[in-house]
Amino acid sequence: MLIRTPKDWELSESSATAEAVYRLRNRREFLKTLGAGLAGVALAPHGLLAATAGFPSKENPLFPASALKPTAYEFITSYNNFYEFGTGKDDPAKYANRGWKTEPWTVELAGLIRAPATFDVNALVAKIGGLEQRVYRHRCVEAWSMVVPWDGFPLAKLVALADPKPEAKFLKFTSFLDPKNAVGQQDSYLGWPYVEGLRLDEAVNELAFIATGIYGKPLPNQNGAPLRLVTPWKYGFKGIKSIVKIEFTDRAPLNTWQRLAPNEYGFYANVNPQVDHPRWSQASERVIGGGIFAGRQTTLMFNGYEKQVAGLYKGLDLTQNY
Ligand code: MTE
């Protein structure tokens, strides 16, 4: 018989409830802070703002808040995976706001492109022409989910700016390296910096997004300030945070989790309820932020975005290419 050790993300029912009740109690306090922030105070509830250009964003009517119920801001910004700042879900909110600077910040476009360049993030947003808001489902490979109102711009716009050469077939994204301020990077187990990749046709799909904000405010550090990738049809680990470089390549980059555990995490990482993780089922997901009503829901193929992305994988065996 298998003896299963619960992982730290598997909160017991009672501790999850206690946490939710605690947060509800603090909600009033939080809303006050948020109100003050919107009135022009330059401090977010979690530290200094970064990448401030482009706000307010305009809602994209194709992905409106009315179609999905967004998770409360306090859950999105306090229950995080950002191993550069520790492995606990509450570590990033604590440790990413102690001395780590996300402004100024530059991102480099390199590799098989006609227009290599290094941009200041705020200048990049201005060049792209402003921000839009999209409400997307967010499904982690650990079988929990949220709904996030992201602010940002389509990745396709960045690709157009880079002007890829015909031999470019993939994008390799690299996150920052700063072991002095990122406590998690003082331990080498993950092999820093964090790396992710997309096929070029995935990158120009209408859903692929670069986020610089949440709920109409600049990204808090723990969510990957000042800019991170969002690919809502894929597991959350593809959504690399705090990007410093995007390189266009002719071969598939080896992403961090695939390098660490190739039998558990692949290059594609498309949300697929029919392909279980070797250690747990992917058929359903725990909904974060539902408070005492928290529950599980059925996981959808491509996380509910089959219409937009299924065509990208025609003829590909998704049980082998996971
Ligand atoms: N990016 C970096 N640089 N480092 C990380 O540890 N974790 C990934 C992804 N991007 C991670 C990262 C994982 S596993 C998930 S589920 C999402 O970020 C979590 O994003 P969130 O904290 O905004 O929900």
Side-chain angles (χ1 to χ4, degrees), residues 7-9 44 46 50 70-97 100 102 105 107 135-152 172-179 181-185 187-198 209-215 217-246 253 255-261 264-266 269 271 277 282 285-289 299 303:
K7 298 275 170 298
D8 65 348
W9 46 268
H46 295 285
T71 305
Y73 183 87
E74 66 224 88
F75 286 99
I76 298 173
T77 57
S78 66
Y79 187 92
N80 300 102
N81 276 336
F82 202 171
Y83 282 73
E84 283 85 340
F85 298 97
T87 53
K89 292 290 181 276
D90 55 352
D91 285 340
K94 264 190 268 171
Y95 299 116
N97 291 294
W100 178 51
T102 55
W105 189 278
V107 59
V135 179
Y136 278 163
R137 293 188 188 86
H138 178 42
R139 169 60 157 87
C140 179
V141 75
E142 298 164 339
W144 54 262
S145 72
M146 300 186 190
V147 170
V148 184
W150 301 106
D151 307 282
K172 177 186 174 187
F173 298 84
T174 306
S175 196
F176 74 102
L177 190 62
D178 182 0
N181 291 302
V183 282
Q185 289 186 335
D187 190 320
S188 62
Y189 70 102
L190 211 74
W192 311 107
Y194 194 99
V195 168
E196 258 308 334
L198 289 177
F209 200 61
I210 295 289
T212 64
I214 292 174
Y215 268 107
K217 291 148 53 72
L219 273 183
N221 284 357
Q222 60 268 32
N223 291 92
L227 81 171
R228 55 95 55 89
L229 178 65
V230 180
T231 45
W233 73 99
K234 294 178 177 288
Y235 291 120
F237 71 83
K238 294 296 289 184
I240 181 171
K241 296 178 169 181
S242 307
I243 299 163
V244 296
K245 186 174 179 182
I246 303 175
N255 48 315
T256 292
W257 286 103
Q258 190 185 10
R259 183 174 46 71
L260 278 170
E264 300 192 358
Y265 309 105
V271 175
H277 185 280
Q282 294 291 21
E285 60 206 39
R286 188 163 59 88
V287 180
I288 302 293
T299 292
N303 205 22

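It should be emphasised that the depicted structure is a prediction, and the values quoted were computed from it without experimental measurement. Values below: all heavy atoms of this structure, side chains included; hydrogens, waters and symmetry mates excluded. When a ligand or atom number is given, it counts from 1 through the structure's own listing order.
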Q185 to D178 - nearest heavy-atom pair and separation
OE1-N, 2.7 Å
Minimum heavy-atom separation for S78 to A93, with atom names?
CA-CB, 4.4 Å
Just by distance, no angles: are the side chains of Y136 and W233 close enough, under 3.5 Å, to form a donor-acceptor pair?
no
Non-neighbouring partners of K241 that pass salt bridge (charged side-chain N to carboxylate O under 4.0 Å, His left out), sequence neighbours left out:
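Once residues adjacent in sequence are excluded, K241 has no partner under the salt bridge (charged side-chain N to carboxylate O under 4.0 Å, His left out) criterion.
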So if I only count non-hydrogen atoms and take anything under 4.0 Å from ligand 1, which residues does that give, chain by chain?
N80, N81, F82, Y83, E84, H138, C140, W144, S175, Y194, N223, R228, G236, F237, G239, I240, K241
Test salt bridge (Lys or Arg N to Asp or Glu O under 4.0 Å) applied to E142 and K89, step by step:
CA-CA 12 Å; E142 298 164 339; K89 292 290 181 276; 3.2 Å; yes
Does the plane of the ring in W100 sit parallel, tilted or perpendicular to the ring in F82? Use 30° and 60° as the thresholds.
perpendicular
